[in-house]
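Have a look at the structure below, then the notes.
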Amino acid sequence: MTEPLNLRALELVEVALPLVRPFRTSFGEETVKRAILVRADGGDVEGWGECAASAEPRYSEEWLDGVWLALREHLGRALLAGGAISDPEEVGHRLAWVRGHRMAKAALEAAVADAWLRANGLNLAEYLGAARDRVSCGVSVGIAATLDELLEEVHGYLARGYRRVKLKIERGRDVEVVRAVRAALPDTPLSVDANAAYSPADVPVFEALDELGLVMIEQPLDHEDLVEHARLQSRLRTSICLDESIRSVRDAAAAVELGACRIINIKPGRVGGLLEARRIQDFARLQGIPVWIGGMLETGVGRAVNVALAALPGVTMPGDTSASDRYFPEDLTAPFVVDPDGTMAVPSGPGIGATPHPGRLERCRVRSAGVAGF
Ligand code: SMG
Ligand code: MG
């Protein structure tokens, strides 16, 4: 038997952490990681969740200031209004009347799950049904100014043990760059991520990439276009992996049925929470579709959830779950470390197994606000 969580209040905290190096994608460049954290106050216990939304609505229609409002005005209040929370599944039920806002919902669910698990002396990975206590790590490499810089960065990651290297591509910085990296690293598992920057007229780009022995091509086309992804997939030997297009287990089922992808990138924020993420993993396992856990440059609070999900049995490929030092000079939590064999330990402590360090949180804090119930 588990105890319900007596959720008393919610607090939102926006943090800003400088990145060790700028992260450039087809969306633009980030030099600072801004994130909204949610603290769930359960009296004797508290829990933390991190929202994946970025400062601008480029990767997703959600963005930081919008999330702040959605949490304060609707989602937080609706969650508090329902009384004690019997288990984490209930968060999704209470918030189901709000359309969309998946990243905001996911942050609330994670904070409540953390507090509820702590109240019950349980660990997230175990609760979810983890199959392993270490996970396989890849790394996502931003678009670099020159090929030499890119190769230097990639070599640095390989020396640290990372098992798969993902290169961000954009129009004009694609085939030539990837071909050069492939020539320098003939045996490295390599993938590319276009973040939806291309159109069906760009088939020749993908046919050229198809010759380079990539593990996958991630989100080549518009996030709303499963049919065009299916057409493209039918012309390529390389597997397409969908990221932005998959917002739910329903989307995953549609994509697989249409043949729009052969691999899925699961991010708990993008799909509305860690429980929906697990449902996608369950579906993929039944269908024999390889999946992996993506990343949104999370601090240790969000990373803890990603790493717990990466330990599930259906997650069969290395994720974008990299070490804290790949992102931040100093993480908010105890650092996540990648061992020389390219694996990372799954947090085993109570709740998500990570907590923000109070002093660091204070140094990174930009603003905070309480959420009152209805
Ligand atoms: O967390 O290491 C990370 C970043 C992984 O490339 C990454 N994320 O499309 O998969 C993706 C991007 C989304 C973030 S763009 C700001
Ligand atoms: Mg992606």
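Side chains included, hydrogens not; waters and symmetry mates left out as well; all remaining heavy atoms used. We count ligands from 1, going down the list as the structure has it; atoms in each ligand are counted the same way. Not measured: the values here are computed from a predicted model.
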Heavy atom of the protein closest to atom 15 (S) of ligand 1 (residue, atom name, distance): T25 CG2, 4.0 Å
Nearest-neighbour protein heavy atom for atom 12 (C) of ligand 1, which is reported as residue plus atom name and distance: K168 NZ, 3.2 Å
Angle subtended at the Mg ion (ligand 2) by D193 OD2 and E218 OE2, rounded to 10 degrees: 90°
Per-atom contacts of ligand 1 with D243, taking only distances under 4.0 Å to non-hydrogen atoms: 9 (O), 10 (O), 11 (C)
Protein residue, atom and distance nearest to atom 14 (C) of ligand 1, heavy-atom basis: M296 SD, 3.8 Å
Donor-acceptor side-chain pairing of T343 and D341 below 3.5 angstrom: yes
Heavy atoms from other residues, nucleotides or ligands near CD of Q287 exceed 12 (cutoff 6.0 Å): yes
Protein contact to atom 1 (O) of ligand 1 [nearest heavy atom, distance to 0.1 Å]: L297 N, 2.7 Å
Residues R118 and D44 bridged, charged N to O under 4.0 Å: no
Atom indices of ligand 1, in the order listed, that fall short of 4.0 Å to a heavy atom of E30: 16 (C)
Polar contact flag for G295 and ligand 1 (N/O pairs, less than 3.5 Å): yes
Under 3.5 Å: N/O of R326 near N/O of ligand 1: no
Polar side-chain atom of E50 near backbone of G302 as donor-acceptor pair, under 3.5 Å: yes
Side-chain donor/acceptor of D202 to backbone N/O of S199, under 3.5 Å: yes
Which of the ligand 1 atoms, numbered from 1, are nearer than 4.0 Å to a heavy atom of Y327: 1 (O), 2 (O), 3 (C)
Within reach of ligand 1, part of R58 (heavy-atom separation under 4.0 Å): neither
Ligand 1 N/O within reach of S140 N/O, cut-off under 3.5 Å: yes
N-O pairing of R237 and E211 below 4.0 Å: yes
Under 3.5 Å: donor-acceptor pair, side chain of R24, backbone of I143: no
Aromatic W63 / basic R58 pairing, under 6.0 angstrom, 45° off normal: no
Donor + acceptor pair across side chains of E244, N195 (<3.5 Å): yes
Residue D243, metal the Mg ion (ligand 2), N/O/S under 2.8 Å: yes
Enumerated ligand 1 atoms positioned under 4.0 Å from heavy atoms of E218: 10 (O)
Nitrogen or oxygen of K267 less than 3.5 angstrom from that of ligand 1: yes
Exceeds 12 heavy-atom contacts within 6.0 angstrom, atom CZ of R285: yes
Min N/O separation Y59 to ligand 1 under 3.5 Å: no
Exam field: side chain R171 to backbone A197, donor-acceptor pair closer than 3.5 Å: yes
Enumerated ligand 1 atoms positioned under 4.0 Å from heavy atoms of N195: 9 (O), 11 (C)
Test of proximity, F23 against ligand 1: N or O pairs below 3.5 Å: no
Close aromatic pair by centroid cut-off 6.0 Å: Y327 and F23: no
N, O or S atom of E244 closer to the Mg ion (ligand 2) than 2.8 Å: no
